[in-house]
Amino acid sequence: MSYFLFRRLLSLLLTLLLATIVIFAVLEIVPGDPARLMLGINATEDAVAALREQLGLNQPLLTRYFSWIGGLLQGDLGRSFTYSSSVGELIGERIWVSLPLALLALTLSTVIAVPVGLYAAARRGRASDTAIMAATQFGIAIPNFWFALLLVYLFAIVLRWVPAGGFPGWEAGIWPALKALALPAIALALPQAAILSRIARSALIEVLGEDFIRTARAKGLTRSQTLWHHALRNALIPVVTIMGLQFAFLLAGTIIIENVFYLPGLGRLVFQAITQHDLPVVQGTVLLLVASVVLTNFLVDLVYAWIDPRLRKTAQ
Amino acid sequence: MSLLSVENLSLSIRGKPILKEVDFRLEPGRITGLVGESGSGKSLTALSIMQLLPSGSRATGSIRFNGQELLDAGEETMCALRGDDIGMVFQEPMTALNPLKTIGEQVAEGIRIHAGASDREAQERAAAILDRVGLPRERFPLSRFPHELSGGQRQRVVIAMACAMRPKLLIADEPTTALDVLVQARILELLRELVAEDNMAMLFISHDLGVVAELADDIVVMRRGEVKEAGPAVTVLKNRKHPYTAQLAEASSHIPAQSKPWHSEACDAPLLAVENLICEYPGHRMSLFAKSPPFRAVDDVSFEMQDGEILGLVGESGCGKSTLSRAILGLMRPVSGKILSKGEVLNTPEIIDTKGIVHLAQAVFQDPYGSFNPRHTAERLVAEPLFLDRIASRTEKRGRVVEALESVGLAADDLGKYPHEFSGGQRQRLAIARAIVNHPRLIVADEPVSALDVSIRAQILDLIVELRERKGLAWLFISHDLSVVHALCDTVMVMQHGKIVEAGPARPLYAAPKQAYTKELISAAPDLDAALKSRLKSAKPERMKK
Amino acid sequence: MTGQRSDTGERLPEAGSEPVGLARRLLASRAFLIGAIITLVILAMALISFLWTPYDVTKLVIANRLKPPSPSHLFGTDHFGRDIFSMIMVGSRNSIAVALVAVGIGMAIGVPLGAWAAAKRGIADDILMRTNDLIFAFPSILSAVMITAIFGPGAINAIIAIGIFNIPVFARLTRGGALSLWTREFVLAARVSGKGAARISIEHILPNITNLLIVQGTIQFSLGILAEAALSYVGLGAQPPMPSWGRMLFEAQTMMAIAPHMAIFPGLAIILTVLGLNLMGDGLRDALDPRLRETK
């Protein structure tokens, strides 16, 4: 493994460790006694004390942190205060809505944005480029949840092509499930596609101004040969960076979009948990999302190393 | 019929005229030097031939290659010519290659396109041409990436790409300007051989008359988009009929006039004494547990300088000369050793006497664009070194600044101007004004003239000598250019791998260098007068034969 | 690299620094002008709303509920009979305030940190970069979730959540710009004059990255507007009765089938504001950086 990746891996682990400390510490200073919250106002002191003992809330801070971490390492995220199941199970159910949604949106955004951006770069300064750039300027300004509302109005209320919301579950079959995710994915993807296509365009334009492009032309390559054989791969580097950032953004964005479509994903889970002061669920969900952001960044680094030989050097 | 004839070529870019009625011809087997200062349009002339001009360009006139008109040739025709019959080499080898592709792929690509060769065939031919340009497959396999090669090696790859199809015409645009002299000499030798082998015509673009005098058969002198003079190189450079040619030639071998030769008064404690100085850069981390050893940039260097001495420090890039200058200026802490002035310790691993250093030495840098904060006026810029003197009175401060401006040939009117309102040469004067404003006794000048055109360079060299004579200023003059150092300096130090390998008074050192490395450097350095002399000598017997 | 550059490679002079040229270029930039006009209109709307709105947004007139747009109610009314145009006017205050303060937090903390890390390098720099990585791992919606879990929902939480996310953005930008400036010869000249790191940062480094900061500031401002809307929409931002654009969209959601105008107009207000800021930022960037303009 190259030293570059080794260093990135170290930094990934460090960031994850720090993130657990932050999440634990933040939720530790939440006012109010979880045991009392769980049992309601009418609970007796004895019952509260018993529950505190049972939840391990009487142990010192560090002990609780380490037992939380120890649990995490064994895949145990703790027990929900309000549901009678473990946090792991709750998240496990919901992630099968949020993760496919984010991946679908990322795929959609990439498939739209990269060709559009490259096309605009190749036709720089002409009418089609100007029109595309104006459209993306709008796309960036659109809040995805508002766009989602409009899509619901148009396709679910006016045209009645798709249900307005809800999720039949994957056991109902792939098509009904995908159909339920289609509008949310589009709503998430289009504003992101606007950003990504602008990045792709400017990356390609910048690469086309590099010296080695002129060298390639001096070798007798045509414009399109230069574009395909020399410019594209170099322009990919910034595009991949933004895709990595976008995945994190999309995953967080699902939290909001799920509210528009009444999808039973992580977003719904975490908002219910907040109103019910269900700390282990909040903790677990936030940690999962943070971990996936960090992991995505590492994947982006892997892609870098694959694209760019300068990062592939192994330590000697 | 000439291989290439350029007639009446005029070029404008977005309405701005660049070239005016340029005429010249290139013949097979001959090297034509195209010389001129920046803004002369020499590079754009080359790009006109390649038809690789920036967008918004309009060229009129005629460029005929092998009887074919290029100005109205279609893109398809040009693509067939480029890299096949016409090859081109560019100035910056560091950026001229695609960083993501192997050198083999990049050289083979052109062969595949033009010869219609299979992948394997193209690879074989790429290997052969890389071998020819001095990158044998055993040491430089085709799978190397550009970042694994040095600047000179990368330039060889670019030359291999340009020459892979044995072109009839090779255009080289300042191919050695970014390289060190020794590498430059080898690359020039390679180009000369390739031209002779294949009876190519070569258009060699350069700002350096010395290089052109050594290499070219014919010469075309350009200025502001016009051809001023053209003809056989030796004749044109020797007779200097056109005033501009004369001016260029005189400026390239300019020796600043000195009223009396300088000699040291060794009785004083030296103005600057460097004792066993060692400077290192920390090593890169290779893994969690291992670090590469620190890089020793300056390795046990000792020397002395007297008041009013102009000391030249020469060496190739990476030899440690800039690091040494930074240590003297207190910008970096040495690992061991000391720097003293008049017996006072200024810089050791433990202490940096900032005040002492500021009053002893100021600096002038290479880049006349980068050495000023673009947001400050000339007055504020020049006054910067007065910072530690805490001059409260505005009029006194302004008086000092005006005095400095006037001693470098600028005027009090310039006080309120911003850096971008000055020309390149004026900016270097401004930099010198800033360096002398607090009356230091030494100026450390790191490549102060290498970014300047020759005529401006000559003026700055004169200014350096003048300031020494008027104010007794000493100069530590750092340069990669041996001919400039020869023209200017009283004493010279040659640096290699962090060590001073040879030092002494300039004249004897140049006349009879003792170290092999110094000899090599001196013989590799292009020098207009020396080149002319040797070519005239070798030309004479020929004439007698006729 | 030493040596003279050929005439095509000659460096551009440091344009973009002269105030007169900058103003001229800005006025010539269509993007900047349109963006600036939109932004000014929105700002004016927010200010006027303190003095006057067409209708009182605190008064509920049930008889007037869910009226479509008409001459008397330009954008119609909501399910409580409130005038949507007036609510958009009042809601703009909240959006602008939250986004502006969040940018302020990001700049006030991020810029000094970035400048400090660039000046000191070494461990200070490492710590800053690791902290940045950590904060970047928490998208602002997650910070908002956690902050709300502690303090309960409110506009202040939105400000803090968005502001925290802005800190590493500005720290990174400042550090990057400063690092490249620290190697420039004019900074070396200042060091040779005996100036210390703090003074050089203030005199030479920061003034030369203000362009970058202003451009990034407008971008973060527009992102802040979007983020605030999203947080209010899910109930983590401004709370009723304080009108806010995101909250209005949340309330519109259940009325989509009968009163789509309730959703359309607040959304358009968000888009217009963000568009105006982005256009202004683009225009500024092009006017300030001639190199970027050429590659456009």
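First the proteins, then the strands, lettered A, B, ... as listed; each starts at 1.
Within the 4.5 angstrom heavy-atom criterion, only side-chain atoms of V270(A), from C-beta onward, approach chain C. At a 4.5 Å heavy-atom cutoff, the contact between I140(A) and chain C is made by backbone and side-chain atoms alike. Residue I225(C): no heavy atom, backbone or side chain, is found under 4.5 Å from chain A. Looking at F250(C), neither its backbone nor its side chain comes within 4.5 Å of chain A, counting heavy atoms on both sides. Proximity to chain A is limited to the side chain of I141(C), based on heavy atoms less than 4.5 angstrom apart. In this structure, chain A has heavy atoms under 4.5 Å from both the backbone and the side chain of L268(C). Proximity to chain C involves both the backbone and the side chain of I256(A), based on heavy atoms less than 4.5 angstrom apart. With a 4.5 angstrom heavy-atom cutoff, I274(A) touches chain C only via side-chain atoms.
Put simply, of L279(A), V294(A), L289(A), the one with the most heavy-atom pairs under 4.5 Å next to chain C is L289(A). Interface check for chain A: of the options A227(C), P260(C), P139(C), A263(C), the most heavy-atom pairs under 4.5 Å are formed by P260(C). Between chain C and the residues F145(A), Y153(A), F138(A), the largest count of heavy-atom pairs under 4.5 Å involves F145(A). With chain C as the partner, the residue from A291(A), G209(A), S11(A), S202(A) showing the most heavy-atom pairs under 4.5 Å is S11(A). When the candidates L150(A), V260(A), V152(A), I255(A) are compared by the number of heavy-atom contacts under 4.5 Å with chain C, V260(A) comes out ahead. Put simply, of A230(C), G246(C), A31(C), the one with the most heavy-atom pairs under 4.5 Å next to chain A is A230(C). Contact tally against chain A (heavy-atom pairs below 4.5 Å) for L231(C), L275(C), T273(C): the top residue is L275(C).
Relative ring orientation between F155(A) and W161(A) is described as tilted, the plane-to-plane angle lying within the 30° to 60° band.
Contact detail for I162(C) and G224(C): the closest heavy-atom pair is CD1-O, 4.0 Å. For the residue pair S143(C) and F138(C), the shortest heavy atom distance occurs at OG-O, 3.7 Å. Contact detail for L26(C) and A287(C): the closest heavy-atom pair is CD2-CB, 3.6 Å.
A donor-acceptor pair is defined here as one N or O able to donate and one able to accept, closer than 3.5 Å; such a pair exists between the side chain of Q239(C) and the backbone of G237(C).
With no hydrogens or angles considered, a side-chain donor-acceptor pair links N94(C) and E228(C) at under 3.5 Å. No donor-acceptor contact under 3.5 angstrom links the side chains of Q272(A) and Q276(A), judged on distance only. A donor-acceptor contact closer than 3.5 angstrom is absent between the side chains of Q253(C) and N259(A).
In this structure, D129(A) does not pair ionically with R126(A), as no charged nitrogen and carboxylate oxygen lie closer than 4.0 Å. Using a cut-off of 4.0 Å between Lys/Arg side-chain N and Asp/Glu carboxylate O, D133(C) and R172(C) are scored as salt-bridged.
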